[in-house]
Amino acid sequence: MKPKTLNYHGYHCDGAQSSSSSSSPSPPHSPPRYASKWRRKMRSKPHWNQPLWELFVGGFFTLRFSCTHMLLLPLLYVSGFIMCVAPFSSFVAQPPPPPGWVYNTHLMYHRLHRHVHSHHSSAIQLSSVWKYKRLKEMKPCSNSTTSRPRSELGETNTYLIVDANGGLNQQRSAICNAVAVAGLLNAILVIPRFEFHNVWKDSSKFGDIYDEDHFIAALDGHVKVVKELPETLMQRYNYNISNIPNFHVQAWSRADYYRGEVLPVLQREGVVRVSPFANRLAMNIPPEIQFLRCLTNYEALRFSSSIVALARKLVSRMIEKSSRDDGKYVSVHLRFEEDMVAFSCCVYDGGEAEKVEMDSIREIGWKQKFKLKQHLISPGLNRINGKCPLTPLEVGMMLRGMGFDNNNSIYLASGKLYRAERYVAPLQEMFPLLHTKESLATPDELAPFMGYSSRLAALDYMVCLLSEVFVTTQGGNFPHFLMGHRRFLYDGHDKTIKPDKRKLAILMDDRIKLSWKEFKEQMGVMLSESDRKGLMVPRIRRFNRKTSIYTYPLPECRCLQKSHNTNSTDNIRGVGSENEAVHELLSSSFMNMVVEDQSCFEGAEMGHYQRHLNTT
């Protein structure tokens with residue numbers, strides 16, 4: 001029996017050709033045309049007689065070797081690239097940050113120190129800072145802009161309670177809005193309550209800051225105001241204010257909302273409460289209701305007798321220390337307190353110690369707010385966008401560049417400044433006649449006000465109100481209310497320097513090496529812009545804080561202005577008579593807040609004091 005043989009494409013395994021039934025041998029089959037090279041190689045070296053385990057082991061090591069090479073190739077490429085490029089990376093210059101990105105005003109100050117303190121620079125006269133005047137008289141107000149007498153609205157027995165929150169001027173806004181809402185709903189207003197806030201930490205009541213009796217009397221005939229709810233209503237709600245129906249009103253709510261939603265509940269319950277009450281009334285309201293805001297802000301709200309008494313002393317002492325400028329002085333609202341610097345997320349020249357300190361303050365004051373993903377902290381971007389608080393040095397450089405010199409008296413309105421000894425020193429060097437409420441008043445005089453931020457802010461408000469030049473550096477309710485108040489007093493001109501902080505960030509970047517002459521030219525342009533814009537009224541009122549009736553009171557509040565012209569520059573009087581008139585003013589119409597309708601004194605140099613100051 002023949003052994004079994006295998007046939008592979010017509011050939012025997014032993015090399016003999018296979019036979020068929022035909023007598024002539026058949027030619028071998030041609031390999032397929034598509035056979036690849038590796039198959040022909042396999043054919044030349046047949047390995048079908050190898051054991052199966054050898055084939056498996058060999059294939060495994062071949063596949064492993066190939067995979068290893070595939071993984072090593074990218075690693076070798078990356079490591080080679082790093083080895084080749086790394087030695088030269090130090091020679092590749094990083095692009096510098098754009099101008100204004102980094103705070104280095106201190107370097108500019110040191111470079112230009114000699115020019116800044118030069119006495120050869122042209123000094124500006126405070127009496128000639130403001131050149132723009134109102135060119136035409138404003139139209140007399142019509143009866144439609146004044147509120148209707150309460151007698152025409154009929155008697156009411158419904159009551160409105162509001163809780164005013166925030167600082168001094170945010171509370172002031174809430175009070176004005178509360179009077180407007182009470183007039184809108186024909187309700188009796190209960191003296192607003194002040195909420196205690198952890199930021200301001202002021203437990204003052206309404207009567208501690210404002211004259212309650214004058215507030216009630218000034219609004220009589222327009223809105224009735226009482227100090228507390230009647231006993232019957234208090235008994236109905238178990239003597240607990242929180243039991244009274246409370247409305248959580250959205251910000252900037254329209255008059256229609258109050259008429260449609262609040263009024264029905266007010267008429268049914270007899271009393272409603274709105275808490276909180278910051279910015280809860282739209283700016284665009286009927287003219288007769290808008291008038292109530294004006295009446296409240298400029299006539300009804302007067303500071304308490306204790307605040308008025310100390311404010312009288314501070315203003316008088318500032319005038320005495322400004323004798324070189326005929327009693328005129330500059331006031332600066334400086335927002336460089338510790339919490340403001342931390343909240344702005346801006347970086348100054350304090351290095352790592354400043355960073356650690358600011359991070360700690362943000363953590364204590366605002367917890368995780370600044371660590372959220374949506375809260376991007378970019379100090380450089382904040383600076384070039386004009387969002388960083390100006391340092392005392394930047395304020396001093398700006399004023400020096402505008403032409404103010406060391407003969408001008410400066411009143412600094414602020415809280416406790418961040419690292420005051422370090423940052424205030426250059427400002428004190430540029431302006432030796434630098435004063436604060438702490439330097440003007442004695443410790444005993446200030447003692448009753450310490451620990452009450454709103455009462456201290458009220459003192460600053462009054463001294464800034466009567467300054468010839470007011471400088472705002474950061475925005476907020478304080479400067480917006482103050483600029484509006486000054487417009488109301490000074491025939492529409494706010495007499496305020498509003499620096500372009502985006503431009504300042506670039507000009508005070510020492511890397512551009514600006515000369516003192518070039519810097520002065522730019523500051524002169526900035527002062528002229530503040531002068532020109534001081535008389536402007538927005539053509540389109542975007543009803544927000546920056547263009548509100550509190551910042552731009554005219555023409556809505558012009559009915560409250562007195563007829564005499566307070567901006568006359570004729571018949572200039574002498575220094576002696578002017579100072580005499582100032583002291584008479586301080587002892588009468590400005591500070592004697594209870595006396596009605598007292599006029600101020602005439603004279604060109606008394607222009608900014610001549611308005612009937614029956615405010616605050």
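The basis for the numbers below is simple: all heavy atoms, side chains too, and nothing from hydrogens, waters or symmetry mates.
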- Query: Does the side-chain contact (heavy atoms from CB on, under 4.5 Å) test come out yes or no for E394 and Y103, once each step is laid out?
  - Reply: CA-CA 10 Å; E394 289 174 313; Y103 174 82; 3.6 Å; yes
Any side-chain heavy-atom pair of [X] and [Y] under 4.5 Å:
X: F336; Y: T473; result: no
X: I497; Y: L399; result: yes
X: F343; Y: P389; result: no
X: L310; Y: K437; result: no
X: L427; Y: I410; result: no
X: F519; Y: M508; result: yes
X: Y452; Y: S203; result: yes
X: H485; Y: Y461; result: yes

If you round to the nearest 0.5 Å, how far is [atom2] of [Y] from [atom1] of [X]?
X: I377; Y: M358; atom1: CD1; atom2: CE; value: 12.5 Å
X: H333; Y: T496; atom1: NE2; atom2: OG1; value: 12.0 Å
X: L466; Y: E468; atom1: CG; atom2: CD; value: 11.0 Å
X: Y418; Y: D339; atom1: OH; atom2: CG; value: 12.5 Å
X: E195; Y: Q170; atom1: CD; atom2: CD; value: 10.0 Å
X: M523; Y: D500; atom1: CE; atom2: CG; value: 8.5 Å

Tell me the closest heavy-atom pair linking [X] and [Y], and the distance in Å.
X: L514; Y: L112; result: O-CD1, 3.9 Å
X: F449; Y: S306; result: CZ-O, 3.5 Å
X: A441; Y: L446; result: CB-CG, 3.9 Å
X: N477; Y: N169; result: CB-CB, 3.7 Å
X: L459; Y: I307; result: CD2-O, 3.7 Å
X: S414; Y: L417; result: OG-CD2, 3.6 Å

Flag if over 12 foreign heavy atoms under 6.0 Å of [atom1], [X]:
X: K517; atom1: NZ; value: no
X: K387; atom1: NZ; value: no
X: K321; atom1: NZ; value: no

Ion pair present between [X] and [Y], side-chain N to carboxylate O less than 4.0 angstrom?
X: E320; Y: R317; result: no
X: K416; Y: E338; result: no
X: R422; Y: E354; result: no
X: D494; Y: R486; result: no
X: E357; Y: R419; result: yes

- Message: Ring of F431, cation from R400 - is the NZ or CZ under 6.0 Å from the centre and inside 45° of the axis?
- Response: yes
Could you tell me if [Y] and [X] have a donor-acceptor pair between their side chains, going purely by distance under 3.5 Å?
X: N104; Y: D349; result: no
X: Y329; Y: H435; result: no
X: E429; Y: Y109; result: yes
X: D202; Y: S204; result: yes
X: E438; Y: T436; result: yes

- Message: Walk me through whether E556 and R558 qualify under salt bridge (charged side-chain N to carboxylate O under 4.0 Å, His left out).
- Response: CA-CA 6 Å; E556 288 87 347; R558 67 177 180 267; over 6 Å; no
- CA sep, side-chain torsions, deciding dist, call: S173, N279, side-chain contact (heavy atoms from CB on, under 4.5 Å): CA-CA 7 Å; S173 171; N279 303 322; 3.9 Å; yes
Is there a donor-acceptor pair under 3.5 Å between the side chain of [X] and the backbone N or O of [Y]?
X: N385; Y: L381; answer: yes
X: R335; Y: T472; answer: no
X: D359; Y: V356; answer: no
X: S118; Y: R114; answer: no
X: S530; Y: K498; answer: yes
X: R487; Y: Y552; answer: no
X: R511; Y: P98; answer: yes
X: S322; Y: M318; answer: yes

- Item | Full working for side-chain contact (heavy atoms from CB on, under 4.5 Å) between L434 and S439 | CA-CA 9 Å; L434 184 67; S439 66; over 6 Å; no
- Those residues at least two apart in sequence (or on a different chain) that pass ring pair (Phe, Tyr, Trp, His ring centres under 6.0 Å) with H110 are none
- Query: Of all residues at least two apart in sequence or in a different chain, which pass the ring pair (Phe, Tyr, Trp, His ring centres under 6.0 Å) check with F481?
  - Reply: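 Ring pair (Phe, Tyr, Trp, His ring centres under 6.0 Å) check on F481 returns Y550.
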- Note on the structure: The residue among K495, K131, H493 that forms side chain to side chain donor-acceptor pair (under 3.5 Å) with D531 is H493
- How are the rings of Y210 and F303 set relative to one another: parallel (under 30°), tilted (30 to 60°) or perpendicular (over 60°)? parallel
- Pair S344-N382, side-chain contact (heavy atoms from CB on, under 4.5 Å): steps then yes or no: CA-CA 8 Å; S344 69; N382 288 346; 5.8 Å; no
